[in-house]
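From a predicted model like this one, the values you see are computed outputs, not experimental measurements. Note that these values count all heavy atoms, side chains included, but never hydrogens, waters or copies made by symmetry.
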Amino acid sequence: MGAQRSPSVRRRRLAAELQRLRKEAGLTRDQAAEHVGCSPVTITRIESATSAATVALVAMMLDLYGVTGERREALMQLARDARRRGWWYKVSEAIPEWVQSYVGLEEEAATFREYQSEFVSGLLQTEGYARAVMRSAPVLPPVEEMELRLSIRMKRQERVLERSDPPMMWCILNEAVIRRPVGGAQTMQDQLQRLIQLSERSHVTLQVLPFSAGVHPAMDGGFTVLNFHKMSDPETVYVEYWQGSVYLEDSREVDAYVLLFEHLRARALEPDQTRSLIEQAIRDMRVDGEACP
């Protein structure tokens with residue numbers, strides 16, 4: 001499967017272009033809204049990619065901004081593509097809207113730089129590990145819904161990791177991630193073996209930040225920096241929290257997280273050392289397996 005198929009990324013690209021064109025035309029959001037016959041809130045939601053604009057509304061906005069010719073047709077096609085439904089639409093009731101947005105972004109990402117402090121990254125989880133993480137929620141959904149969420153996560157992995165042009169992934173895990181028993185000894189051993197297997201792929205770099213590194217600048221939690229194939233798609237930082245997430249696109253904020261990742265990368269074990277530590281964690285769990293919950 002090729003890249004550039006996600007409506008989420010296309011919506012962000014269209015939003016950035018429409019905002020740029022409005023500013024070049026010297027118009028405020030209120031003025032643009034008045035000219036095209038919608039509310040200023042609608043313009044704000046379109047320019048922030050919170051909602052997809054109708055093709056008709058985009059046409060009126062381009063008329064107002066004086067966009068013609070090939071440039072206009074390209075943006076109109078972008079507007080049509082942005083309104084297409086992703087593969088997850090049929091099961092959208094099983095995953096929150098903020099997760100749906102991220103699914104669209106991860107499918108078109110060219111590179112991932114990710115740090116996780118408490119659990120294995122979602123794209124790297126085994127089915128057993130993912131099920132155990134989902135079962136840790138304070139309130140459990142019905143079994144059918146949980147299994148649907150699990151199948152969605154596995155499909156996400158397939159569409160990102162197994163495509164013909166997989167993204168470059170650089171994942172740093174706190175040592176606590178490989179030491180914390182999740183789902184029992186066998187489940188955790190399977191997960192660690194999966195990490196070793198994935199780390200041997202040419203497009204995956206895996207490092208562990210050891211306890212011996214001491215205090216570090218990412219103790220507030222995990223984050224992901226996503227880059228895309230097109231230069232026009234802004235580099236984005238994704239930060240997930242309980243029941244929600246935020247996206248950072250301001251260049252100063254993105255640069256700060258990129259610098260943060262570089263500090264972690266410098267303090268983490270090299271990939272070969274990381275595999276050795278994971279292998280040691282597997283041996284330790286085999287010895288202490290009966291103690292794992």
Side-chain angles (χ1 to χ4, degrees), residues 3 6 8-9 12 16 98-99 101-125 133 156-157 160-161 165-180 191-192 194-196 198-242 244-278 281:
S6 166
S8 299
V9 173
R12 293 169 70 245
W98 55 272
V99 176
S101 298
Y102 183 70
V103 171
L105 295 184
E106 73 180 4
E107 284 205 358
E108 289 205 30
T111 64
F112 288 81
R113 281 170 287 180
E114 182 172 6
Y115 169 69
Q116 289 295 346
S117 61
E118 291 295 326
F119 53 81
V120 173
S121 308
L123 289 177
L124 309 183
Q125 293 176 1
V133 171
R156 286 169 58 192
Q157 292 184 10
V160 174
L161 296 177
D165 57 340
M168 299 300 295
M169 301 187 66
W170 199 314
C171 299
I172 300 176
L173 303 176
N174 192 317
E175 185 174 347
V177 174
I178 68 169
R179 296 293 187 181
R180 185 186 306 281
Q191 177 61 75
L192 295 179
R194 171 68 170 163
L195 290 178
I196 291 175
L198 288 171
S199 73
E200 293 170 345
R201 296 189 181 189
S202 60
H203 63 95
V204 177
T205 300
L206 181 66
Q207 291 182 269
V208 166
L209 182 67
F211 291 141
S212 60
V215 66
H216 60 84
M219 297 182 74
D220 288 336
F223 61 91
T224 305
V225 181
L226 301 100
N227 291 84
F228 300 92
H229 292 277
K230 292 200 173 213
M231 294 297 292
S232 57
D233 295 329
E235 189 173 29
T236 301
V237 175
Y238 174 75
V239 181
E240 189 172 313
Y241 57 89
W242 179 242
S245 64
V246 294
Y247 295 91
L248 306 175
E249 294 183 351
D250 180 87
S251 60
R252 291 169 298 181
E253 294 176 316
V254 172
D255 289 346
Y257 272 93
V258 170
L259 179 62
L260 175 58
F261 185 86
E262 289 302 307
H263 275 272
L264 295 175
R265 184 177 66 83
R267 299 183 187 201
L269 298 176
E270 293 297 322
D272 287 345
Q273 296 173 312
T274 288
R275 279 188 284 270
S276 296
L277 184 61
I278 294 175

Q | Smallest separation among heavy atoms of M219 and V215, with atom names | A | SD-CG2, 3.5 Å

Q) Heavy atoms, side chains only, cut-off 4.5 Å: are V204 and C171 in contact? A) no

Q. At their closest point, which heavy atom of R12 faces which heavy atom of F228, and how far apart are they?
A. NH1-CE1, 3.7 Å

Q: Check whether any side-chain N or O of T274 sits under 3.5 Å from a backbone N or O of V208 as a donor-acceptor pair, and report yes or no.
A: yes

Q. Are any non-hydrogen side-chain atoms of Y257 and R113 less than 4.5 angstrom apart?
A. no

Q: Mind checking the CG-CG spacing from D272 to L277? Nearest 0.5 Å is all I need.
A: 12.5 Å

Q.
Strictly distance-based, threshold 3.5 Å: is any side-chain N or O of Q273 a donor or acceptor partner for the main-chain N or O of E270?
A. yes

Q) So does E107 pair up with R156, basic N to acidic O under 4.0 Å? A) no

Q) Is the shortest heavy-atom distance from the side chain of R194 to the side chain of L124 under 4.5 Å? A) no

Q | Side chain to side chain, Y115 and Q207, heavy atoms closer than 4.5 Å | A | no

Q) Do L195 and V120 have side chains that get closer than 4.5 Å, going by heavy atoms? A) yes

Q. Between E235 and N227, is there a donor-acceptor pair closer than 3.5 Å when you use the side chain of the first and the backbone of the second?
A. no

Q. Can you list the steps and then say if E253 with V237 is a side-chain contact (heavy atoms from CB on, under 4.5 Å)?
A. CA-CA 8 Å; E253 294 176 316; V237 175; over 6 Å; no

Q: Would you please test T111 and L226 for side-chain contact (heavy atoms from CB on, under 4.5 Å) and show each step?
A: CA-CA 6 Å; T111 64; L226 301 100; over 6 Å; no

**Q.** Chi angles and distances behind the side-chain contact (heavy atoms from CB on, under 4.5 Å) call for L206, L198
**A.** CA-CA 8 Å; L206 181 66; L198 288 171; over 6 Å; no

**Q.** From OG1 (T224) to CG (L123), nearest 0.5 Å
**A.** 8.5 Å

Q | H203 side chain to P166 backbone, donor-acceptor under 3.5 Å | A | no

Q: Apply side-chain contact (heavy atoms from CB on, under 4.5 Å) to Y241 and V246, showing your working.
A: CA-CA 8 Å; Y241 57 89; V246 294; 4.0 Å; yes

Q) Which residue pairs satisfy the side chain to side chain donor-acceptor pair (under 3.5 Å) criterion with at least one member in residues 258-267, sequence neighbours excluded? A) E262-R265

Q.
When you compare the side chain of I178 with that of E175, does any pair of heavy atoms fall below 4.5 Å?
A. yes

Q: Would you kindly say whether E114 and Q116 are connected by a side-chain donor-acceptor distance under 3.5 Å?
A: yes

Q: For the residue pair Y238 and S245, establish whether any side-chain heavy-atom pair is separated by less than 4.5 Å.
A: yes

Q | For F112, ring-ring contact (aromatic ring centres under 6.0 Å, His included) partners two or more places apart | A | none

Q: Please examine the side chains of L259 and P217, heavy atoms only from C-beta on, and report whether any two atoms are closer than 4.5 Å.
A: no

(Q) Tell me if a side-chain donor or acceptor on R275 pairs with a main-chain N or O of S199 at a distance below 3.5 Å. (A) yes

Q: List the atom of L173, the atom of F119, and the distance in Å for their closest heavy-atom pair.
A: CD2-O, 4.3 Å

**Q.** Residue pairs involving residues 210-221 (criterion side chain to side chain donor-acceptor pair (under 3.5 Å); sequence neighbours excluded)
**A.** none

**Q.** Considering all heavy atoms, the nearest S117-A176 contact
**A.** O-CB, 4.2 Å

Q.
If I compare all heavy atoms of P167 with all of A109, which pair ends up nearest, and what's the gap?
A. CB-O, 3.3 Å

